[in-house]
Amino acid sequence: MQQVTANAFTDTTYRGCNPSFVVTSDGVVVIDTPQLPTKAVEMRRAAEVHGPVRYVINTEHHVDHIFGNYYFRGAGPVVAHIEVERNFMLASQVPSPYWYAKQALPTDDPEGEAIFPDEETYYRDPNRPAIIFTEDLTLKVGGHTFELLYTPGHTVGQIAVHVPEERAVFTGDTVFCNCQTWLYVSSVDQWLASLDRIALLDVDHVIPGHGPVTNRAYLAVQKAFLMEWVTTVALGIARGWSKEECIARISFADRFPVDVGQGHMMEHIQRENVSSLYEKLTAGRRP
Ligand SMILES: [Zn+2]
């Protein structure tokens, strides 16, 4: 794992989110779990070298942040916003999150097949959130403070984890650093406000949900990119373009690559981002 600060570690190198942990004087706090089974097992082992896992925090409900919880059963309780609990691995989501985790195995984690649970086994105990909150929540663990800040936008239950002692914030997918931003189910309006909230933190290290570790200056890049997306689709609508015309004509594929292991999703991301914004803007809703 990459050591970001004296006690904060992350991994930005494989498919899925950037799973991370912070070592305290009283055990380890995990922030998001690897989607790939062998990586989840490896990360738990790496964390437990430093002491018992006291808490596992999920920053959102998307599968790339929570599927690995399964491999942290029996570690400390999972902590998440109430909307993460409500949306946790819902089989009704399209695509099904269980299927999405499974179909990554042949290409990204063939050895993981052997420890990948069948659907019934998985859903019997996927290690759901056990400690649930609605706004912000602060945990004190050893000498460390974990401020779980409600920062909705990318998803409804999105949080950032601020660790002042490390001068670091783990933003989850409120920041996609130097890679494509997914905004299918997002509220961009809320997302911008959340970026502003994070920008007020006195930190040196920004650990994004995807892409390399960065700093506060990148928050402005993320903000501008979101505004560009909204404005570009709004301009298409103003020109009288239909949804299909917007999809055909609008793409930011040349701006950033897709995060590691998901290059095949590029066109899908462009189409779904346009579609999502078009629907909201033409229905008179905030984007
Ligand atoms: Zn993600």
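Remember, it's 1-based here, ligands and their atoms both numbered in the order they're listed. The residues of the chain are indexed from 1 along the displayed sequence.
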If you measure from NZ on K140 to CG on D26, what distance do you get to the nearest 0.5 Å?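 Interatomic distance, K140 NZ to D26 CG, rounded to 0.5 Å: 12.5 Å.
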
Is it the case that the side chains of D32 and T59 hold a donor-acceptor pair, with the cut-off being a distance below 3.5 Å and no angle test?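 There is such a pair between these side chains.
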
Answer yes or no: are there more than 12 heavy-atom neighbours, outside M265 itself, under 6.0 Å from its atom CE?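 Atom CE in M265 is crowded, with more than 12 foreign heavy atoms closer than 6.0 Å.
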
H65 N/O/S atom closer than 2.8 Å to the Zn ion (ligand 1):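 Coordinating: yes.
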
Looking at the Zn ion (ligand 1), is there an N, O or S atom belonging to C17 that lies under 2.8 Å away from it?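 Coordinating: no.
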
Whether D109 and R15 form a salt bridge (side-chain N of Lys/Arg under 4.0 Å from carboxylate O of Asp/Glu) is what I want to check.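 No, this pair does not count.
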
In D64, which N, O or S atom comes closest to the Zn ion (ligand 1)?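 Going through the N, O and S atoms of D64 one by one, OD2 ends up nearest to the Zn ion (ligand 1).
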
For N/O/S atoms only: which one belongs to D173 and is nearest the Zn ion (ligand 1)?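 Looking at D173, the N, O or S atom with the least distance to the Zn ion (ligand 1) is OD2.
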
